[in-house]
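To start, the structure itself, in structure tokens.
All of these numbers come straight from a predicted model, not from anything done at the bench. Letters go in sequence order (proteins before strands), and every chain restarts at 1.
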2 protein chains.
Amino acid sequence: MTTTPRTRLSPERRREQLLDLGVRLLAHRSLDELSIDLLAEEAGISRGLLYHYFGSKQAFHEAVVRHAADDLIAQTTPPTDGDPLERLLTSVTAYVDYVVANHEGYVSLVKAAAGGNESLRAIYEDARSALNGRVFREDVHGEIVPDTPANRLVVRGWSAMVEELVLSWIDDPRGVTRADLLAIVTGSLPAIVGVTPGR
Amino acid sequence: MTTTPRTRLSPERRREQLLDLGVRLLAHRSLDELSIDLLAEEAGISRGLLYHYFGSKQAFHEAVVRHAADDLIAQTTPPTDGDPLERLLTSVTAYVDYVVANHEGYVSLVKAAAGGNESLRAIYEDARSALNGRVFREDVHGEIVPDTPANRLVVRGWSAMVEELVLSWIDDPRGVTRADLLAIVTGSLPAIVGVTPGR
DNA sequence: CACTCTATTGACGTCCGTTCAATAGCGCCA
DNA sequence: TGGCGCTATTGAACGGACGTCAATAGAGTG
């Protein structure tokens, strides 16, 4: 119990510190399993300061999730040159590597999505729309996935699968190499589109 | 505010009533958004009675989720006759129809899974293992999906996709018929297995 | 009709999220 | 260098919700 004297940071740094800590703490606990006391102690601040910055526990969680979502989207932007398929593959590879590298942040994002609030789900939904939209945006001429209602649905399903694949693989990679995983992830999209009833 | 006089039920009936109510209430709220007060009032009982039956709010949630999971598994058991592929298709179709019919129950199961406790996730994990296991169990000779580590992973991913497809389709079925959905769901498994690196 | 068994209650204690007036770092100016 | 002011930070006090337990009252039985 090191009682560090009050340290005064700039609002930006403090906010950043609290968000990063939140991402870490919310990766393996749910929101109501995380007490403000623990969070405050872990950050070396008082309970009150958290409310000064975020207003409520709920709002803090939203800020944490948005933080993680923005980071994910920023770090997986597709390259601007190359042919459509190639750009998509690069982006998907970046996604896989991001999830592997930022496991905790990604898990806290996903946990918030399914388990939480309406507004939390909205944040996740926006993030995933951005990711899914790339498939159609990068593939303007419909070479890989023609833009139909059925394929919109398929891409949603495919991205859910990719998420599950990566998280499961991280959890237990036995018998499957990173290359195998990437082959499954990238190969499955055209494969599924191939069996989807067209218009 | 109808103040009904105290009604005395058999423990089985009371338990059943509370679980059914819990499934309904937990479909659209998370656990900490559901107060014991609301639950008790909705059920027409006192707060204390809930603790008599389940011991804690957490334990109540677990019972609700287990209730939903058992129901799902029971109502989608594959038939015992027919060839492997046919039995699987029947089971998957039953799964889709079950989710459509018991939307609330299924949502409260899924929400609990990603958002919740370790033990909640374990319950969901068991349920899904049971479902996924059918693919290999019903397909003993590996006609559809040979039992390899990569394919174990693929089936996990596929079932996550199926879940997302069905829930998204229920949310917005425009432009996709039930037959389309079933075609995507059933066709995608062999398609993905086809692009998966073998052993 | 009384009696017993047990399902059910409701008041109480405690913990935790939230508020707000008071406090004290840190840069700035003389 | 030293004091001053701005504002980041605190901690005690409040309220509401979870959880406990001895008391109560339905429902079947003799």
Within the structure shown, what part of the strands sits under 4.0 Å from [X] by heavy-atom distance: base, sugar-phosphate, or nothing?
{"X": "B:T7", "result": "sugar-phosphate"}
{"X": "A:L38", "result": "nothing"}
{"X": "B:L31", "result": "nothing"}
{"X": "B:S46", "result": "base"}
{"X": "B:F54", "result": "nothing"}

**Distance-only side-chain donor-acceptor flag, A:H67 / A:D20, under 3.5 Å** = yes
**Request:** For the residue pair B:D37 and B:S35, confirm or rule out a side-chain donor-acceptor distance under 3.5 Å.
**Result:** no
What is the distance from [atom1] of [X] to [atom2] of [N], rounded to the nearest Å?
{"X": "A:E41", "N": "D:dG11", "atom1": "CD", "atom2": "P", "value": "13 Å"}
{"X": "A:R8", "N": "D:dA8", "atom1": "CZ", "atom2": "C1'", "value": "4 Å"}
{"X": "A:I45", "N": "C:dT23", "atom1": "CD1", "atom2": "C1'", "value": "16 Å"}
{"X": "A:H52", "N": "C:dA21", "atom1": "NE2", "atom2": "P", "value": "15 Å"}
{"X": "B:R13", "N": "D:dA27", "atom1": "CZ", "atom2": "P", "value": "13 Å"}
{"X": "B:L50", "N": "D:dC18", "atom1": "CG", "atom2": "P", "value": "10 Å"}
{"X": "B:L39", "N": "D:dA17", "atom1": "CG", "atom2": "C1'", "value": "13 Å"}
{"X": "B:L9", "N": "D:dA25", "atom1": "CG", "atom2": "P", "value": "18 Å"}

**Asked** Under 3.5 Å, is there a donor-acceptor pair between the side chain of A:D180 and the main chain of A:T177?
**Response** yes
**Prompt:** Under the side chain to side chain donor-acceptor pair (under 3.5 Å) criterion, do A:R87 and A:T80 qualify, and how do the steps go?
**Reply:** CA-CA 8 Å; A:R87 284 186 301 188; A:T80 53; over 6 Å; no
**Asked** Is any side-chain N or O of A:R14 under 3.5 Å from a base N or O of D:dT9, one able to act as donor and the other as acceptor?
**Response** no
What's touching nucleotides 19-23 of chain D from the protein side, N or O pairs under 3.5 Å?
{"from": "D:dG19", "atom 1": "OP2", "to": "B:Y51", "atom 2": "OH", "distance (Å)": "2.8"}
{"from": "D:dG19", "atom 1": "OP2", "to": "B:K57", "atom 2": "N", "distance (Å)": "3.0"}
{"from": "D:dG19", "atom 1": "O6", "to": "B:R47", "atom 2": "NH2", "distance (Å)": "3.2"}

**From D:dA8, C:dG17, D:dC18, nucleotide with atom closest to B:D37 side chain** = D:dC18
**Item:** Interatomic distance, B:D97 atom CG to B:L182 atom CG [nearest 0.5 angstrom]
**Value:** 7.0 Å
**Request:** Sequence neighbours left out, what passes side chain to side chain contact (heavy atoms under 4.5 Å, CB included) with A:R14? Give chain and number order.
**Result:** A:T7, A:L9, A:Q17, A:L18, A:I45, A:L49, A:Y53
**Prompt:** Salt bridge or not for B:R47 and B:E41, using N-O below 4.0 Å?
**Reply:** no
